[in-house]
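Scroll down for the structure; my scribbles are underneath it.
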Amino acid sequence: MKYNFNDIEAKWQAYWAENQTFKAENHSDKPKYYVLDMFPYPSGAGLHVGHPLGYIASDIYARYKRHKGFNVLHPQGYDSFGLPAEQYAIQTGQHPAVTTEENIATYRRQLDQIGFSFDWSREVRTSNPDYYKWTQWIFIQLFNSYYCNIDNKAEDISELIKEFERAGNAKVDAVCDEDTPSFSAEDWNSWSSEKQQEILLKYRLTYLAETEVNWCPALGTVLANDEIVNGVSERGGHTVVRKKMTQWSMRISAYAERLLQGLETIDWTDSLKESQRNWIGKSVGASVVFNVKNHDETIEVFTTRPDTIFGVSFMTLAPEHELVSKITTPEQQAEVEAYIEKTAKRSERERMADVKTISGVFTGAYAEHPFTKEPVPIWIGDYVLASYGTGAVMAVPCGDQRDYDFAKHFNIAIPNIFEGVDISEEAFADKENTVIGNSDFLNGLNYKQATKKAIEELEKLGHGQGKTNYRLRDAVFSRQRYWGEPFPVYYVNGMPQMIEAKHLPITLPEVEKYLPTEEGEPPLGRADVWAWNTETAEVVNNELIDNKTIFPLELNTMPGWAGSSWYFFRYMDAHNDEAFASKEALDYWQNVDLYIGGSEHATGHLLYARFWTKFLKDRGYVQVDEFAKKLINQGMILGTSAFVYRIEGENKFVSKDLVQDQTVQPIHADVSFVNASDELDVDAFRNWRPEFKDAQFITAEDGTFKVGREVEKMSKSKYNVVNPDNICTEYGADSLRLYEMFLGPLEQYKPWNTAGITGVHGFLKKLWKLYVDDNGIKVTDAEPSKDSLKTLHKTIKKVEEDIENFSFNTSVSTFMIAVNELTAQKCTSRAILEPLLVLISPYAPHITEELWSQLGHEGSISTVAFPQFDESHLVESSKNYPISFNGKMRFTMELPMDMSKEDIEKAVLEYDKTQEQLQGRTPKKVIVVPGKIVNIVG
RNA sequence: GCAGAAGUGGUGGAAUUGGUAGACACGUUGGACUUAAAAUCCAAUGAACAUUAGUUCGUGCGGGUUCAAGUCCCGCCUUCUGUACCA
């Protein structure tokens with residue numbers, strides 16, 4: 001019987017689907033284990049071999065955990081709202097729901113043929129109204145919450161309103177906008193409802209505010225900071241400009257400290273945690289208030305070095321700073337205005353590219369040093385960013401290199417306030433070795449002492465206090481797009497109102513085009529039926545809007561990360577229409593035990609999802625603080641591109657080994673035309689494109705034509721994309737799974753080379769032949785040999801360790817070694833071969849199911865207990881000792897395991913080969929490590 | 001600039017606590033089977049020297065610790081990833 005993988009794989013995939021083999025139960029006596037892959041976006045191109053890498057790894061782990069007796073939740077679904085489907089809709093007029101549906105079908109077919117153990121009964125799609133109903137619901141909860149700094153958690157906004165009615169906001173310590181005024185209870189109670197709502201927006205966790213946003217004209221939408229790479233849009237590489245717009249924002253900054261602290265409690269990679277730490281950007285220091293001479297204005301700055309306050313010799317404001325126009329003296333007016341105009345014109349990108357040029361202008365105004373009362377000149381300069389801190393810095397040139405460079409450039413004094421440090425060449429920024437001098441009451445103190453003292457003194461003077469600053473900004477939550485979740489929001493007198501939760505979902509309206517309107521409104525502005533009737537609680541025709549009972553609905557939609565910020569909870573109870581998931585399900589599954597995905601989501605999805613989890617916990621909807629306990633980033637699989645070389649100016653191609661010093665042009669050839677020995681199928685290449693049809697090919701003497709190889713990112717344009725469908729047809733899903741793992745460590749970037757798959761495919765054939773010959777199953781009930789038991793048990797040990805360490809590549813080698821050994825031992829024993837199948841089944845589930853059933857078992861192998869490791873089979877009576885001379889291994893010597901150190905030394909020294917090596921010398925020293933090694937020195 | 005990861009044969013990679021460097025594969029070469037091919041099987045395969053026995057070198061580079069270093073320490077170089085005038 002031959003190993004007919006196509007039939008076997010189809011058979012078992014059908015079996016799993018029919019029997020719902022991998023359906024997870026929400027009630028079980030078994031311990032739970034939740035394995036999750038990062039949500040795929042179903043793109044039109046389908047999967048290439050790089051995509052399933054993480055899915056295969058998580059699938060192996062999920063299957064392993066089932067063998068280990070866990071109730072495993074291993075779901076899959078689609079992040080199905082998003083820009084590509086919408087761009088496609090704009091180009092073709094097709095509804096994004098239609099193309100999304102088609103793409104999902106392709107994905108599903110491709111995923112199914114790889115044999116994943118997903119519980120498809122729990123599939124979720126973010127674009128499905130049953131799902132986004134709850135995304136809208138969470139949005140409403142955020143709107144109805146504020147962040148209380150005293151309790152350090154989110155609380156219901158009604159609590160805040162009660163307090164405002166009772167005592168105004170004097171005693172309230174909550175996260176709010178910078179410009180929130182102080183008010184009394186009388187003020188509050190005297191205000192109109194609109195005014196009250198305006199104030200409440202300053203506290204709500206999601207709020208509408210005029211913000212400066214990253215506007216991408218080409219995409220017609222706003223982008224979040226993490227959607228911009230090097231000043232251009234991440235998708236498409238379009239220009240991004242700053243623009244003021246009224247937008248929904250998420251008050252994620254309220255959670256900055258908890259998001260930072262939480263990192264200590266989760267097992268994520270260091271690089272990922274580090275990215276999040278940098279993104280949150282905590283800095284501890286002080287806020288210092290400077291008076292402006294001859295003005296009532298004050299300038300507040302944030303500094304991490306209050307200890308260097310006596311080294312201040314100027315201040316710098318961002319050119320956009322609101323005080324600039326107020327304090328600039330008439331003499332400096334023209335110069336300042338010219339500078340502001342010049343910097344405003346420079347795009348973010350230019351400003352970033354050109355960090356070296358120092359520019360700035362003196363405003364003519366002076367601040368007053370809080371301690372010395374000396375005048376401090378106020379400059380403006382674009383090295384100060386309006387968006388960080390207060391948009392102003394106190395410049396200490398002796399202690400900060402940027403201030404130093406600025407001072408040098410403009411000939412500003414650089415007073416030295418450090419003991420025994422030379423600052424004639426550069427600033428001194430070493431906090432550890434700082435001793436302050438020339439600084440009145442701070443003299444002689446180190447960094448820590450001086451910082452503490454300076455803050456105390458500033459507080460006494462009322463000129464500052466200790467402060468912690470975060471780089472993390474509130475996240476803009478609106479997109480001027482069609483294909484996203486609609487907001488459950490309508491407007492009364494310009495004030496946003498939430499639709500009651502019981503009327504959700506508010507489904508996407510139909511539009512005739514997916515472009516912004518002529519007036520520049522988002523695509524939903526084209527919908528005819530997009531108004532809210534508050535009496536009937538229905539979405540009605542816009543013509544009915546009377547602003548009495550029928551109001552306009554929000555035209556923006558939610559961003560891509562809305563749906564993916566909580567989907568991991570939905571899988572726990574995917575069809576619940578009473579709640580986003582039942583309390584029982586949430587209590588049982590808690591959070592994700594293992595999350596596998598790419599590292600590109602470090603500061604986007606993975607931060608927002610943590611934020612929403614903490615919010616849901618605060619409001620009592622979930623029990624957990626973090627949604628994923630452990631996270632692994634899989635590396636990318638790169639393509640191995642193939643190049644053919646065309647002689648410059650001629651339609652003549654030359655085999656790689658004959659190129660020599662001719663001037664040639666490398667041209668990408670499709671990798672499917674190239675075999676394992678880098679030989680090109682010339683005919684296939686000719687037929688590929690008309691211009692190659694009549695080309696000449698200079699081949700090697702043996703008639704072969706060699707291509708060059710280079711490792712690049714896998715991409716259509718490089719013709720190096722390998723489709724898993726072809727691999728499955730030609731070698732089978734089990735070969736694909738094994739090979740993806742065999743390529744190397746999961747986290748590492750590594751090139752794909754289809755040629756190597758014959759290795760694992762050969763292994764599967766050998767495995768098959770161990771069980772089956774021409775007459776069918778050849779497994780017997782014979783007593784296993786000692787050697788076979790040893791092979792089995794060392795394999796159990798190694799594989800178990802490997803899986804626990806996510807070292808899947810080494811377990812594939814271990815299987816190969818085991819099968820090679822058992823084949824050599826001519827093992828046919830059921831007692832060996834049955835457990836071996838269970839070991840391999842997480843990696844190669846189809847072939848093992850088939851052999852398991854052929855061995856006479858009913859039902860799936862997937863829940864059979866993992867074999868128990870028994871040390872006793874590995875105990876050796878002797879050891880083949882490596883004998884080294886001065887650290888160099890010369891020969892080996894078989895000696896009993898229980899031999900004493902002294903006897904080993906004696907035996908080794910008496911051995912002929914030892915004397916041969918020593919050539920009459922007397923060893924100075926003999927090191928014997930029993931069970932390991934012998935080293936002879938001398 | 002800063003942070004993180006990584007550098008081992010022709011290639012992917014292995015070596016879990018310092019103890020036989022290169023497991024397991026790919027590729028290459030030779031052989032068996034075959035009319036031939038495919039498939040399968042066997043053997044060799046880090047480099048140099050040597051008829052053999054064997055010797056020398058060898059884990060990015062330079063030092064060091066140790067009986068023993070891919071592994072530990074110090075100083076560099078290169079590549080990848082992320083991030084950046086963050087006060």
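Below, chain A is the first sequence line, B the second, and so on; all start at residue 1.
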For [N], the Watson-Crick or wobble counterpart (both distances under 3.5 Å):
{"N": "B:U65", "answer": "none"}
{"N": "B:G1", "answer": "B:U83"}
{"N": "B:U17", "answer": "none"}
{"N": "B:G7", "answer": "B:C77"}
{"N": "B:C49", "answer": "B:G54"}

message: If the cut-off is 4.0 Å, is A:Gln748 near the phosphate of B:G13, judged by side-chain N/O to OP1 or OP2?
response: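 For A:Gln748, the contact criterion (side-chain N or O under 4.0 Å from OP1 or OP2 of B:G13) is met.
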query: Think A:Asn820 has a side-chain N or O under 4.0 angstrom from the OP1 or OP2 of B:A25?
result: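 A:Asn820 to B:A25 OP1/OP2: side-chain N or O found under 4.0 Å.
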message: Between B:C26 and B:U79, how far apart are the two P atoms, rounded to whole Å?
response: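 One P to the other, the span is 33 Å.
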- request: Determine the interplanar angle of the A:Phe406 and A:Tyr383 rings, folded into 0 to 90°, and report it as parallel if under 30°, tilted if 30 to 60°, perpendicular if over 60°.
  value: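 Correct class here is tilted.
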task: Would you mind reading off the distance between A:Lys431 atom NZ and B:A87 atom P, rounded to a whole angstrom?
output: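 Whole-Å distance recorded here is 8 Å.
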Length of the line joining A:Asn278:CG and B:A5:P, which is rounded to integer Å: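 From A:Asn278 CG to B:A5 P: 13 Å.
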message: For a quick check under 3.5 Å, do A:Asn805 and A:Glu801 share a side-chain donor-acceptor pair by atom type?
response: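 A:Glu801 and A:Asn805 do not have a side-chain donor-acceptor pair below 3.5 Å.
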- prompt: Which way is the base of B:G9 turned, syn or anti, if we draw the line at 90° from 0?
  reply: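 It is syn.
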- prompt: Does the side chain of A:Lys879 reach to within under 4.5 Å of the side chain of A:Glu894, using non-hydrogen atoms?
  reply: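 A:Lys879 does not reach A:Glu894 side chain to side chain.
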query: Between A:Phe5 and A:His761, is the ring centre distance below 6.0 Å?
result: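 Judged by ring-centre distance (under 6.0 Å), A:Phe5 and A:His761 do meet the cut-off.
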task: Give A:Lys769 one of three labels, base, sugar-phosphate or nothing, depending on what nucleic acid heavy atoms sit under 4.0 Å from its own.
output: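 Since only primed, P, OP1 and OP2 atoms lie under 4.0 Å of A:Lys769, the category is sugar-phosphate.
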